[in-house]
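A quick write-up on the structure given underneath.
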Protein chains: 2
Amino acid sequence: MVNLSVSDADFLRLALAQADKSYREGGIPIGAVMVEDGCIIAAGHNRRVQDGDPIAHGEMDCIRRAGRRPRYNGVTLYTTLSPCMMCAGAILQFGIPRVVIGENTNFPGSIDFLRKYGVTVTLLNDPDCTDLLRSFIRAHPEVWDEDIAGRSDV
Amino acid sequence: MVNLSVSDADFLRLALAQADKSYREGGIPIGAVMVEDGCIIAAGHNRRVQDGDPIAHGEMDCIRRAGRRPRYNGVTLYTTLSPCMMCAGAILQFGIPRVVIGENTNFPGSIDFLRKYGVTVTLLNDPDCTDLLRSFIRAHPEVWDEDIAGRSDV
């Protein structure tokens, strides 16, 4: 037996590794992991470029890869970027009670909206998450614009 | 040249055909089509059962199958059932300006929420849409409960 303590920052680091994987594939660098009882049960990243799939934001890909389950009680979703309205809607519909967010500098996202509906939101302001996505946006502004359909203020 | 007039009810019928296809596959019978300039550009249906994919609601599958595009101006999304919060969030994030809904009897969905954010919503109260999904819910209540994570009131 080990004295194992894994922090929010540790899990966010793993979401960032997913974002970095997407970046190295030529895709949008946003990643997510889903955690239950201290263990990762799914990981995913944006796949717009890789799969031509407009709904495959990082959070959505992660929820998809967690597969079918009746409820999401006790689940925490870690994501490198503040969730857009689609991802926030999924979080609410599936009843995911807690979300840990890397950054909201590149995109403000739906933090207030999630909190209004009772989701516990922790924003870590991680500079590595910010820097990685910023690099992509500067290099491929048209792909980023497409991913949010030009709507940063929904 | 023909004098071709296709109504909302006609396009909804094609969304219902998608729902019926899903039903015959053993899946949840909810379907959608996306229309632009009077032409269908994508069709989809719920794939939770078929693909084990929890985010593949009818509307989401249809948006996915429409592929990458920078904007959704001029698009109308037809769906047999009132959109859940995930699907409503996707409609808002991508800026889909109009949604035509078959029914909201089996699930109230997010009609008021969509209207509040400026989406034009038309509810057709189609009894065939209601009957098909009702049959599935009665036969497989646990699958239906899973599809909305027990949350009909988000």
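Convention: sequence-line order gives letters A, B, ...; per-chain numbering from 1. From a predicted model like this one, the values you see are computed outputs, not experimental measurements.
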**Asked** Does Arg69(A) make a cation-pi contact with Tyr72(A) (under 6.0 Å, within 45 degrees of the axis)?
**Response**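 Arg69(A) over Tyr72(A) ring: yes.
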
**Asked** Under a 4.5 Å heavy-atom cut-off, does chain B meet the side chain of Arg71(A), its backbone, both or neither?
**Response**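 Side chain of Arg71(A) only, per the 4.5 Å heavy-atom cut-off to chain B.
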
**Request:** Let me know if Tyr117(A) has heavy atoms under 4.5 Å from chain B in its side chain, its backbone, both or neither.
**Result:**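 It is the side chain, since no backbone atom gets that close.
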
**Message:** Ignoring hydrogens, what is the shortest heavy-atom contact between Glu59(A) and Pro83(A)? Give both atom names and the distance.
**Reply:**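 Closest approach of Glu59(A) to Pro83(A): OE2-CA, 3.2 Å.
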
**Item:** Closest approach of Val143(A) to Arg48(A) (non-hydrogen atoms, all atoms of both residues)
**Value:**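 For Val143(A) versus Arg48(A), the nearest heavy atoms are O-CD, 4.4 Å.
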
**Asked** Does anything in residues 6-26 of chain B get under 4.5 Å of chain A by heavy atoms, and if so which residues?
**Response**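 Hits under 4.5 Å: none found.
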
**Message:** Sort by residue number and list every residue of residues 146-154 of chain B having at least one heavy atom under 4.5 Å from chain A.
**Reply:**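 Glu146(B), Asp147(B), Ile148(B), Ala149(B), Gly150(B), Arg151(B), Val154(B) fall under the 4.5 Å cut-off.
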
Same cluster or not: are [X] and [Y] linked, directly or through other Ile, Leu, Val, Met, Phe, Trp or Tyr residues, by side-chain heavy atoms under 4.5 angstrom apart?
X	Y	value
Ile101(B)	Val33(B)	no
Val75(B)	Met86(A)	yes
Ile91(A)	Ile63(B)	yes

Any chance you could measure [X], atom [atom1], to [Y], atom [atom2], to the nearest 0.5 Å?
X	Y	atom1	atom2	value
Arg64(A)	Arg47(B)	CZ	CZ	11.5 Å
Cys62(B)	Ile55(A)	SG	CD1	10.5 Å
Leu124(A)	Thr79(A)	CG	OG1	11.0 Å

**Asked** Is the side chain of Asp51(A) donor-acceptor paired with the backbone N or O of Asp53(A) at a distance under 3.5 Å, no angle test?
**Response**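 Flag not set: sc Asp51(A) to bb Asp53(A) has no pair under 3.5 Å.
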
**Prompt:** Side chain of Asn106(A), backbone of Thr130(A): donor and acceptor closer than 3.5 Å?
**Reply:**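 Flag set: sc Asn106(A) to bb Thr130(A) pair under 3.5 Å.
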
**Request:** Could you have a look at Gly95(A), Ala66(A), Gly89(A) and say which one has the most heavy-atom pairs with chain B under 4.5 angstrom?
**Result:**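 Heavy-atom pairs under 4.5 Å are most numerous for Gly89(A).
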
